[in-house]
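Below is one structure, written out as C-alpha cells; comments come after it.
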Protein chains: 2
Amino acid sequence: MPALDHVLTALSDPTRRAIVERLSRGPARVTTVAEPFDMSLVAVSKHVRVLERAGLVRRARRGREHTLTLDARPLRRVAQWTWRYEQFWNARLDRLEGLFSKKGRRS
Amino acid sequence: MPALDHVLTALSDPTRRAIVERLSRGPARVTTVAEPFDMSLVAVSKHVRVLERAGLVRRARRGREHTLTLDARPLRRVAQWTWRYEQFWNARLDRLEGLFSKKGRRS
DNA sequence: ATAATAATTAACCAAACGGTTAAATATCAT
DNA sequence: ATGATATTTAACCGTTTGGTTAATTATTAT
C-alpha cells in the first residue's frame, strides 16, 4: 500500500491530475496519454512513473506498447483522510475569527 | 481561493499533515505547534507558511504571539475532487487486469 | 536484414523543497 | 534602558522536481 505522501505528491501536479482524469475515461497507451500535453513524451513518461509509485496507475506491457489503467483506490484513502475534518469545514469560522479580530471579544 | 496544487502540495508532507491534525484540536501558537517535532522552530515556521499559502491555516498576530487556526475548507475541495472517482475505486480491477494478463483473454 | 515505432534510460539544468544556523525584528517584563 | 521571549528573515546546503535533448532497448513491419 503506497504511502499517502506519495499519493498526495502525485496529485499535486496538474498534469498528473489530468492524466488521472484521462485514464478515468478508459485505459490508454503512454503515447496516447501524452498527446494532448504541450511537453515531450519523456516528460509524460516521468509523470506516469510518479503515478505508478503512488499506486494510481497500473502498467501492462504488451509487446512494445504499454497500456495504462487507473487504480483509484489510493484516491479513496485521500478522501478518507480529508473526510476526518468534515466537521471543521462545515463549522462557521466567525467564532474562531472573533477570538482574534477587534481585540478582546471574550468567551 | 488557493490553487488545488498548493493544497495538495501542502498535504503531501507528513509534518504538515500533523500540524493540521494538531490545529483541528484547537488554535495554538507557533511555538506550541512546533514543540512535538524533532526539528527547529524555523523549520516548523516554514511549514506553517506553506499551509497558509494553501489557505489551510489562518494566522492572528496578537502582540508578539501568532495564533494559528485551521481553516478546513480547502480540504473539502480535495475531498470533492477525489470523490469524482468514487465509482472507480469501488469497481473491481479484475475486468481490467484480465485485459493484460495471461496474453490474449478475448472480450 | 532494415527500417519504423513505442517507450525508457542517461545526462543535464534551473527551480523548489526541507532542513540548518545566525541575525534581525517586535513585543513584553523589570 | 535591559533583557528575555516569540517569531521571522537571510543565507546556505543537499535532494527532489519538472522539464529538456540524445542515446538506447525492444518490438513490429517490410
Side-chain angles (χ1 to χ4, degrees), chain A residues 2-23 26-69 99-100 103-104, chain B residues 2-23 26-54 56-69 99-101 103-104:
Chain A
L4 198 52
D5 293 38
H6 285 154
V7 181
L8 289 164
T9 298
L11 295 176
S12 69
D13 183 89
T15 301
R16 288 191 292 261
R17 287 200 304 278
I19 293 174
V20 167
E21 156 69 24
R22 168 63 184 84
L23 292 179
R29 292 186 303 110
V30 177
T31 306
T32 308
V33 165
E35 194 263 321
F37 297 107
D38 189 22
M39 67 181 72
S40 71
L41 175 65
V42 175
V44 172
S45 176
K46 283 183 175 184
H47 281 304
V48 169
R49 197 147 31 78
V50 173
L51 289 165
E52 280 187 291
R53 182 183 64 175
L56 285 161
V57 163
R58 303 298 194 82
R59 177 192 306 261
R61 299 165 184 73
R62 182 88 79 97
R64 61 186 167 181
E65 298 183 357
H66 300 200
T67 302
L68 308 173
T69 49
L99 284 172
F100 309 116
K103 64 169 176 192
Chain B
L4 198 52
D5 293 37
H6 286 154
V7 180
L8 289 164
T9 298
L11 295 176
S12 70
D13 183 88
T15 301
R16 288 191 293 260
R17 286 199 303 278
I19 293 174
V20 166
E21 157 68 24
R22 168 63 185 83
L23 292 179
R29 291 188 303 110
V30 176
T31 306
T32 308
V33 165
E35 194 265 320
F37 298 106
D38 190 22
M39 67 181 70
S40 70
L41 175 64
V42 176
V44 173
S45 176
K46 282 183 176 185
H47 281 304
V48 169
R49 199 147 30 79
V50 173
L51 289 165
E52 281 187 291
R53 183 182 63 174
L56 285 161
V57 164
R58 303 297 193 83
R59 178 192 306 260
R61 297 164 185 75
R62 183 86 81 95
R64 60 186 167 183
E65 299 184 358
H66 299 200
T67 302
L68 308 172
T69 48
L99 283 172
F100 310 117
S101 59
K103 63 167 178 193

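Quick note on labels: first sequence line is chain A, next is B, and so on, each numbered from 1. Bear in mind the structure is a predicted one, so any value in this text is a computation, not a measurement.
- Among the nucleotides dT9(D), dT8(D), dG18(D), the one closest to any side-chain atom of H66(B) is dT8(D).
- A close approach under 4.0 Å does not occur between any side-chain nitrogen or oxygen of S45(A) and OP1 or OP2 of dA7(C).
- Within the 4.0 Å cut-off from OP1 or OP2 of dT8(D), not a single side-chain nitrogen or oxygen of R49(B) is found.
- Rounded to whole Å, atom C1' of dA7(C) lies 11 Å from atom CG of L68(A).
- Exactly one of V57(A), V44(A), T67(A) qualifies for a side chain to side chain contact (heavy atoms under 4.5 Å, CB included) with V33(A). That residue is V44(A).
- Rounded to whole Å, atom C1' of dG18(C) lies 14 Å from atom CZ of F37(B).
- The side chain of R61(B) places no N or O atom within less than 4.0 Å of a non-bridging phosphate oxygen (OP1 or OP2) of dA6(D).
- Two residues, E65(B) and E65(A), neighbour DNA chain D, and the one matched to the more 5' nucleotide by heavy-atom proximity is E65(B).
- When the P atom of dA22(D) is taken as reference, atom CG of L41(A) falls 15 Å away, rounded to whole Å.
- Toward the 5′ end of DNA chain C lies the nearest nucleotide of R53(B), the other residue of the pair R53(B) and M39(B) mapping further downstream.
- Rounding to the nearest 0.5 angstrom, the gap separating the CG atom in D5(B) from the CG atom in L11(A) is 10.5 Å.
- Toward the 5' end of DNA chain D, the nearer of the two residues T31(B) and S12(A), judged by each one's closest nucleotide, is T31(B).
- Using a 4.0 Å cut-off, no side-chain N or O of R62(B) falls inside it from OP1 or OP2 of dC28(C).
- Look at CG on D13(A): it is 5 Å from P on dG18(D), rounded to the nearest Å.
- Scanning all heavy atoms of the two residues, the minimum distance from S12(A) to L8(B) falls at CA-CB, 3.7 Å.
- In this structure, the side chain of R16(B) engages the main chain of A10(B) through a donor-acceptor pair within 3.5 Å.
- The listed nucleotides are dT9(C), dG19(C), dT17(D); the one nearest the side chain of V42(A) is dT9(C).
- At least one side-chain heavy atom of R53(A) sits less than 4.5 Å from a side-chain heavy atom of T9(A).
- Comparing G63(B) and D38(B) against DNA chain C, the residue whose closest nucleotide sits nearer the 5' end is D38(B).
- The side chain of K46(A) approaches dT20(D) more closely than any other nucleotide in the set dA7(C), dT20(D), dA6(D).
- Of all nucleotides listed (dT20(D), dG18(C), dA6(D)), dG18(C) comes nearest to the side chain of H47(B).
- Going from atom CZ of R64(A) over to atom P of dA4(C) covers 12 Å, rounded to whole Å.
- Summarising the geometry, the separation between CZ on R16(A) and C1' on dG19(D) is reported as 12 Å, rounded to the nearest angstrom.
- The distance from atom CZ of R59(A) to atom P of dA6(C) is 15 Å, rounded to the nearest whole Å.
- Nucleotide dC17(C) holds its C1' atom 16 Å from the CG atom of L8(A), rounded to whole Å.
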